[in-house]
Amino acid sequence: MTNDPGPMTQDKEWWTQQWLDLLNSYRFKKRLERARVYAREGNVLSIDFEEQKVLAKVQGTDPEPYKVSLWLDPLTDEDWTYVIQTMAERAIFSAKLLSGEMPQNIEEVFAANGVRLFPFTLEQVNSRCSCPDKANPCKHIAAVYYLLGDRFSDDPFVLFQLRGRTQAQILATLRQIRGTDTNAEPADSKVKESKSKLHKSPLKVEKFWQYDDQLESGLVVIAPAPSSETVLDVLGPIPIKPAATGQAVMQSLTSIYQTVSQQAILSALSRDG
């Protein structure tokens with residue numbers, strides 16, 4: 001491995017930052033520096049994830065690589081049930097997770113249920129190394145720590161796996177919960193009601209911006225590809241004076257339209273899944 005686990009920079013994801021901050025809280029700084037050299041020079045030969053454990057091989061002074069294992073205490077099935085239910089109840093968390101993105105404030109979901117995704121201290125991370133060094137973490141364990149930060153950057157869902165649930169398990173449960181939401185009004189009734197309103201009051205393009213009725217809250221517009229003509233293009237400039245103000249409003253609406261379209265697509269995909 002050639003990645004240099006140097007000091008944290010602004011372009012590091014927050015979960016990588018938090019993981020390495022946990023390691024950097026270790027008071028034996030010289031040991032950490034040797035571990036960084038190990039990680040930088042490629043002494044960590046492999047890192048694999050086997051269920052809820054991290055298994056690694058680190059080349060030390062002996063011809064045979066040392067075996068390192070790391071693991072966190074998994075959450076109980078009951079804890080995970082409550083955590084995923086909370087995720088499902090918050091649309092922004094569901095949308096981001098279903099699109100493969102780790103929400104910035106995901107820890108709030110765990111804290112709301114009395115548990116944590118990240119450990120509080122380094123002592124809460126279980127580790128073992130086959131080397132004769134009795135200190136923990138030894139430089140071999142710490143070297144794996146540093147490179148795990150990069151692994152979390154590539155796939156933040158590994159953090160969930162270390163706590164007892166894979167990405168596939170979490171997303172499947174999220175889809176199941178959101179797909180059986182009994183509080184949602186049946187889609188067919190909303191479509192029929194919307195069609196009825198349209199027949200009663202036909203829409204005239206030239207009077208679109210003077211529409212005074214309250215919009216149906218259940219309506220969702222899924223945007224076509226960015227290169228296609230959108231409804232904003234069809235309606236033309238907004239009749240607001242001065243022209244600069246109208247142009248600014250149009251630009252703002254275009255940005256909002258794109259954002260809402262993306263979220264609508266994510267929501268549709270999550271329900272179809």
Side-chain angles (χ1 to χ4, degrees), residues 8 12-26 46-56 67-129 136-137 141-142 144-183 266-267 269-271 273:
M8 297 303 300
K12 288 284 188 180
E13 290 84 355
W14 65 269
W15 48 84
T16 302
Q17 173 91 45
Q18 191 162 342
W19 177 261
L20 292 184
D21 282 349
L22 193 67
L23 177 59
N24 289 330
S25 66
Y26 188 53
S46 65
I47 296 179
D48 298 303
F49 295 91
E50 185 175 302
E51 296 181 351
Q52 298 161 23
K53 280 190 174 183
V54 178
L55 303 179
K67 297 179 180 180
V68 172
S69 57
L70 296 171
W71 69 97
L72 302 176
D73 293 334
L75 303 183
T76 65
D77 291 340
E78 183 180 18
D79 286 335
W80 270 115
T81 297
Y82 287 124
V83 166
I84 298 177
Q85 180 64 46
T86 304
M87 291 177 182
E89 292 170 355
R90 302 187 185 184
I92 186 63
F93 285 104
S94 296
K96 288 191 173 184
L97 289 168
L98 289 168
S99 64
E101 180 182 352
M102 177 73 79
Q104 287 290 334
N105 49 349
I106 188 66
E107 193 69 87
E108 292 180 6
V109 176
F110 289 82
N113 292 281
V115 293
R116 280 183 61 88
L117 176 59
F118 279 91
F120 278 109
T121 65
L122 193 61
E123 286 72 24
Q124 293 177 335
V125 181
N126 305 301
S127 58
R128 184 179 296 125
C129 181
N136 194 329
I141 292 174
V144 175
Y145 260 108
Y146 277 119
L147 292 182
L148 272 180
D150 290 334
R151 289 298 184 94
F152 293 154
S153 178
D154 294 337
D155 183 8
F157 287 91
V158 169
L159 290 166
F160 291 150
Q161 183 174 336
L162 294 181
R163 285 299 194 186
R165 285 293 185 277
T166 64
Q167 178 182 9
Q169 289 173 321
I170 292 173
L171 298 188
T173 306
L174 272 177
R175 291 190 179 102
Q176 180 180 13
I177 293 174
R178 292 181 64 82
T180 57
D181 185 359
T182 57
N183 294 325
L266 290 176
S267 178
L269 290 174
S270 68
R271 289 186 179 276

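Numbers for residues simply follow the sequence, beginning at 1.
Within the 4.5 Å cutoff, the side chain of F49 has heavy atoms near those of the L148 side chain. Between R151 and V158 there is no side-chain heavy-atom pair separated by less than 4.5 Å. Annotation: side chain of R165 is in contact with side chain of D77 (closest heavy-atom distance under 4.5 Å). The shortest side-chain heavy-atom distance between I92 and P103 does not fall under the 4.5 Å cut-off. No side-chain heavy atom of L174 sits less than 4.5 Å from a side-chain heavy atom of F93. In this structure the side chain of R116 reaches within 4.5 angstrom of the side chain of E107, judged on heavy atoms. Residues L97 and F157 are in side-chain contact: their nearest non-hydrogen atoms beyond the backbone lie under 4.5 Å apart. For the pair L70 and I141, the minimum side-chain heavy-atom distance is below 4.5 Å.
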Is there a side chain to side chain contact (heavy atoms under 4.5 Å, CB included) between Y82 and V115 once you walk through the steps? CA-CA 10 Å; Y82 287 124; V115 293; over 6 Å; no
Just do the side-chain hydrogen bond (donor to acceptor under 3.5 Å, both in side chains) check on D73 and N126 with the steps written out, would you? CA-CA 8 Å; D73 293 334; N126 305 301; 3.1 Å; yes
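The line from CD of Q124 to CZ of F118 is 13.0 Å long, rounded to the nearest 0.5 Å. Between the CG atom of L75 and the CZ atom of R163 there is a distance of 5.5 Å, given to the nearest 0.5 Å. Residue L147 holds its CG atom at 11.0 Å from OG of S46, rounded to the nearest 0.5 Å. Atoms CG and CG, on L122 and D21 in that order, are 12.0 Å from each other to the nearest 0.5 Å.
Between the side chain of Q52 and the main chain of Q161, no donor-acceptor pair closer than 3.5 Å is present. For the pair S94 (side chain) and E89 (backbone), a donor-acceptor distance under 3.5 Å is absent.
Nearest heavy-atom pair across A142 and P137 is N-CB, 4.3 Å. Of all non-hydrogen atoms in L117 and L159, the two that sit nearest each other are CD1-O, 3.9 Å. When all heavy atoms of R90 and A112 are compared, the pair lying nearest together is NH2-CB, 4.4 Å.
For the side-chain hydrogen bond (donor to acceptor under 3.5 Å, both in side chains) test, residues two or more places apart in sequence or in another chain that qualify with E123 are T121.
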